[in-house]
Protein chains: 2
Amino acid sequence: MQLAGNARPGDAVGNRSRRSSGRPTLADVASRAGVGTITVSRALRDPERVSSELRERIDAAITALGYVLNPNARALASARADVIGVLIPSLTNNVFAEVLRGIHDGLGDSALQIQFGNTHYSADEEERLLRVFLGQRPSALIVSGIDQLPATRRLLETAGCPVVQIMETGPNPIDMMVGFSHFDGGQQATEHMLQIGCRRIGFLGARMDPRSQRRLAGYRAAFRATGVFDELLVTTTPSPSSVSMGAYLFRQAISKAPGLDGVVCNNDDLALGVLFECNRQGISVPDRICIAGYNDLEMMAVAYPSLTSIRTPRYEVGRQAIAMIRAALAGDRPEQVIVDLGFELKVRESTTRQ
Amino acid sequence: MQLAGNARPGDAVGNRSRRSSGRPTLADVASRAGVGTITVSRALRDPERVSSELRERIDAAITALGYVLNPNARALASARADVIGVLIPSLTNNVFAEVLRGIHDGLGDSALQIQFGNTHYSADEEERLLRVFLGQRPSALIVSGIDQLPATRRLLETAGCPVVQIMETGPNPIDMMVGFSHFDGGQQATEHMLQIGCRRIGFLGARMDPRSQRRLAGYRAAFRATGVFDELLVTTTPSPSSVSMGAYLFRQAISKAPGLDGVVCNNDDLALGVLFECNRQGISVPDRICIAGYNDLEMMAVAYPSLTSIRTPRYEVGRQAIAMIRAALAGDRPEQVIVDLGFELKVRESTTRQ
DNA sequence: TTGTAAGCGTTATCAA
DNA sequence: TTGATAACGCTTACAA
């Protein structure tokens with residue numbers, strides 16, 4: 001990396017205008033290697049198509065010059081940026097942070113970059129960001145959930161690139177989908193509690209975005225088969241989810257729904273808050289109150305008592321989304337465009353009664 | 001937005017080559033408004049410098065055409081991308097997720113975009129990503145911590161754009177710095193425990209990145225003044241931090257350091273794990289063991305007993321970093337290039353003895 | 001397999 | 001204040 005010594009090859013110094021960035025360009029590499037610029041371009045994109053002799057000379061020149069390709073010039077010339085636009089509703093929600101981690105890991109050594117947008121759970125903001133992203137002609141797009149606005153959906157349908165809806169599955173994919181059923185998760189957690197003998201099972205929910213709504217719907221469905229339902233058992237808030245919100249909602253629930261003997265929570269933060277509040281009030285878990293969370297964050301298994309939860313494959317969702325995009329970009333679009341990664345009910349001490 | 005109807009103005013259809021993306025360009029806007037392209041460009045960048053009459057015609061044309069500026073072309077022509085490169089060590093660590101949130105919020109309506117890189121706590125990966133970022137000629141760079149490799153530091157010093165080191169402060173800023181002292185945090189938490197009467201205070205640490213090391217150093221320093229130190233009190237692991245790791249480290253600590261009566265934890269996840277383990281083993285908190293965490297995540301105040309922690313201004317660090325960058329980009333570089341945002345010891349039940 | 005010429009859509013330069 | 005022209009660094013189209 002003799003950047004200082006000869007970043008500017010002799011034959012180019014004179015030509016270099018004041019506008020130049022001063023960094024070596026493809027042309028610099030080409031002239032140093034004694035080949036045409038297009039050959040260097042090809043050597044970079046598809047080494048197979050360049051003779052091994054030239055390839056070696058080019059590689060040497062690149063190393064000597066410390067050359068780095070200018071992605072803006074590439075994007076401009078090819079009318080296509082090596083960028084995947086990712087729209088997710090929250091950064092601080094651990095669940096989406098793990099999706100993002102899966103996406104990054106899925107990228108591996110590919111040249112693709114992630115352009116990330118935080119919609120703050122707003123469909124309007126999602127559409128606004130999408131328009132910005134589209135201006136860059138991204139290679140692919142990832143959006144969260146399946147409840148896009150009609151106009152957003154139209155934009156995505158005509159985006160001219162692979163689109164993956166993540167975290168949920170449903171009937172009408174825009175293009176591809178990777179996720180799991182939130183309805184089933186809510187239902188299964190509730191059925192499990194009914195099975196172990198709970199009768200007055202509350203539902204605690206915060207934020208209540210579309211996925212939360214479907215978990216709630218699943219909870220209601222579980223009662224239709226077995227239990228006796230009471231609207232007072234449901235306690236929700238549009239406010240963001242947090243551990244303290246879990247404690248707060250539980251206080252509300254227990255005061256308005258007499259005989260409460262279990263709570264199905266919208267997510268793990270709420271569940272942890274419920275556990276703490278039970279500890280504080282001296283309410284025994286699981287003897288008097290059973291608790292179930294959603295997502296199965298790492299802490300659930302360690303809590304005392306350990307907390308039952310629905311394990312969701314969020315990291316895998318990110319990886320799978322990228323895998324499908326890379327396949328589509330490589331020309332072989334996956335046959336299965338709707339991938340349901342499922343979930344797993346992790347039964348722990350908080351719903352285990354002797 | 002009559003995109004469908006006349007996205008391609010009549011006078012441009014014939015000229016448009018097959019390479020074109022099909023989207024309206026600056027030239028399309030210009031010809032529709034009856035002005036030169038450069039005038040449209042100016043109207044976009046600095047409306048003040050264009051007469052109000054032309055500005056109106058241009059705005060009308062932009063709306064009619066549904067024009068969106070091509071950032072790649074802009075970056076290529078100006079040799080400068082409206083991108084801020086952000087290098088942080090982890091995505092799933094809640095602390096950095098909040099820094100990122102602060103950064104995003106600090107951006108507000110500015111045209112700046114974030115390009116994010118995950119170093120996975122590796123200095124080599126940091127340098128590799130930095131080289132990639134530098135290829136895009138970013139408007140500014142944000143890096144985590146103050147322990148860059150010498151070569152990384154040199155790259156940053158010659159990057160030719162504002163650079164902010166975040167999450168820590170120290171003596172030799174590359175350019176600017178926003179953070180707080182981890183040494184002081186570790187020291188203050190430990191001194192607090194010594195004050196309330198603990199004598200055998202353990203230190204639990206995971207990951208042990210440079211910031212963790214300095215917290216540990218602060219912990220040691222607290223003993224120098226008051227307590228009697230014993231190397232057996234320190235239990236660390238290079239493995240990532242987690243709640244279960246907290247429980248695990250505590251089991252180790254209590255078995256090797258007889259008489260342990262308090263633990264200062266590297267972060268809140270570990271502290272929560274300690275609390276759960278104490279619950280599990282029937283060890284009373286704070287009567288027999290006092291606990292302190294680090295960062296003061298939201299759950300700490302809700303836990304039962306509530307957990308003492310060092311409140312760190314991570315969201316504010318992100319906002320402040322962007323504020324300093326925007327100021328520098330606007331031409332008035334902050335006078336104070338090292339900003340120490342401080343921290344606050346939050347004393348709670350886990351270190352409150354009657 | 002390699003090269004030439006002509007863009008890609010914007011902005012810097014210089015002139016009017 | 002406005003505009004014509006030439007970059008910016010790369011890739012597509014076409015030719016050899």
Side-chain angles (χ1 to χ4, degrees), chain A residues 7-9 12 14-31 33-58 62 65 67-82 111 135-137 139, chain B residues 8-9 12 15-31 33-58 62 65 67-82 111 135-137 139:
Chain A
R8 302 174 177 220
N15 302 338
R16 207 176 287 289
S17 87
R18 273 151 293 164
R19 293 191 60 180
S20 163
S21 64
R23 309 197 58 162
T25 70
L26 252 194
D28 295 334
V29 174
S31 77
V35 300
T37 58
I38 189 64
T39 306
V40 179
S41 176
R42 277 199 275 260
L44 252 29
R45 281 176 296 160
D46 193 0
E48 311 285 299
R49 288 182 28 181
V50 174
S51 67
S52 61
E53 189 209 327
L54 288 191
R55 219 188 309 159
E56 276 176 33
R57 296 220 314 260
I58 290 168
I62 288 176
L65 260 28
Y67 169 75
V68 179
L69 181 129
N70 183 327
N72 297 119
R74 163 173 284 181
L76 183 57
S78 61
R80 175 63 74 213
D82 283 340
Q136 315 210 27
R137 317 238 103 212
S139 288
Chain B
R8 302 175 178 218
N15 302 340
R16 208 176 286 292
S17 84
R18 274 151 293 164
R19 291 191 61 180
S20 163
S21 65
R23 309 195 59 158
T25 71
L26 207 55
D28 296 333
V29 174
S31 77
V35 300
T37 58
I38 190 65
T39 306
V40 179
S41 175
R42 276 198 276 259
L44 251 30
R45 282 177 294 161
D46 194 0
E48 312 285 300
R49 289 181 26 182
V50 173
S51 68
S52 62
E53 189 209 325
L54 288 191
R55 216 186 311 155
E56 276 177 33
R57 295 218 315 259
I58 290 169
I62 287 175
L65 261 26
Y67 169 75
V68 179
L69 181 128
N70 183 327
N72 296 119
R74 163 172 284 181
L76 182 58
S78 62
R80 177 62 73 213
D82 283 340
Q136 315 211 27
R137 316 241 103 211
S139 288

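Just so you know, these numbers use all the heavy atoms, side chains as well, and skip hydrogens, waters and symmetry mates. In what follows, every chain begins at residue 1, and chains take the letters A, B, ... in the order their sequences are listed.
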Measure the spacing between CG of B:L65 and OG1 of B:T25 and express it to the nearest 0.5 Å.
8.5 Å
Given atom CG of B:N72 and atom P of D:dC8, what is their separation to the nearest angstrom?
18 Å
Output for pair (B:L44 CG, B:Y67 OH), nearest 0.5 Å, gives 5.5 Å
Under the side chain to side chain contact (heavy atoms under 4.5 Å, CB included) rule, collect the residues that match up with A:T37, sequence neighbours excluded.
A:A27, A:A30
Whole-Å distance separating the OH atom of A:Y67 from the C1' atom of D:dG9:
7 Å
Return the set of residues passing side chain to side chain donor-acceptor pair (under 3.5 Å) with A:E53 (not counting sequence neighbours), or none when no residue passes.
A:R57
For B:R42, all residues meeting salt bridge (Lys or Arg N to Asp or Glu O under 4.0 Å), sequence neighbours excluded
none
Side chain of B:N70, heavy atoms from C-beta onward: which of C:dA12, C:dG9, D:dG9 has the nearest atom to it?
C:dG9
Between D:dT2, D:dT11, C:dG9, spot the one nearest the side chain of B:V50, thanks.
D:dT2
On DNA chain D, compare the nucleotides closest to A:L26 and B:E48; which residue's is nearer the 5' end?
B:E48
Whole-Å distance separating the CG atom of A:L69 from the C1' atom of D:dG9
9 Å
C:dG9 phosphate, OP1 or OP2: any side-chain N/O from A:R137 under 4.0 angstrom?
no
Which residues satisfy the side chain to side chain donor-acceptor pair (under 3.5 Å) test with A:S41, sequence neighbours excluded?
A:R45
CG of A:L76 versus P of C:dA6: gap in Å, rounded?
18 Å
Between atom CZ in B:R49 and atom C1' in C:dA12, what is the gap in whole Å?
11 Å
side-chain N/O B:R74 vs C:dT11 OP1/OP2, d < 4.0 Å:
yes
According to salt bridge (Lys or Arg N to Asp or Glu O under 4.0 Å), who are the partners of A:R55, at least two apart in sequence or on a separate chain?
none
Would you find a donor on one side and an acceptor on the other, under 3.5 Å apart, between the side chain of B:S78 and the backbone of B:R74?
yes
Of the listed nucleotides C:dT1, D:dC10, C:dG9, the one nearest the side chain of A:S51:
C:dT1
Expressed in angstrom and rounded to an integer, what is the separation of B:L44 atom CG from C:dT10 atom P?
9 Å
Nearest-Å distance, CD (A:E53) to P (C:dT1)?
14 Å
Among residues 34-43 of chain A, which ones have heavy-atom contacts with DNA chain C below 4.0 Å?
A:V35, A:G36, A:I38, A:T39, A:R42
What is the distance from CZ of B:R80 to P of C:dG9, rounded to the nearest Å?
24 Å
For A:N72, check side chain to side chain contact (heavy atoms under 4.5 Å, CB included) against everything at least two apart and list the hits.
A:N70, B:N72, B:A75, B:A81
State, to the nearest 10°, the angle formed by the axis through the first five base pairs of the helix from C:dT1-D:dA16 to C:dA16-D:dT1 and the axis through its last five.
20°
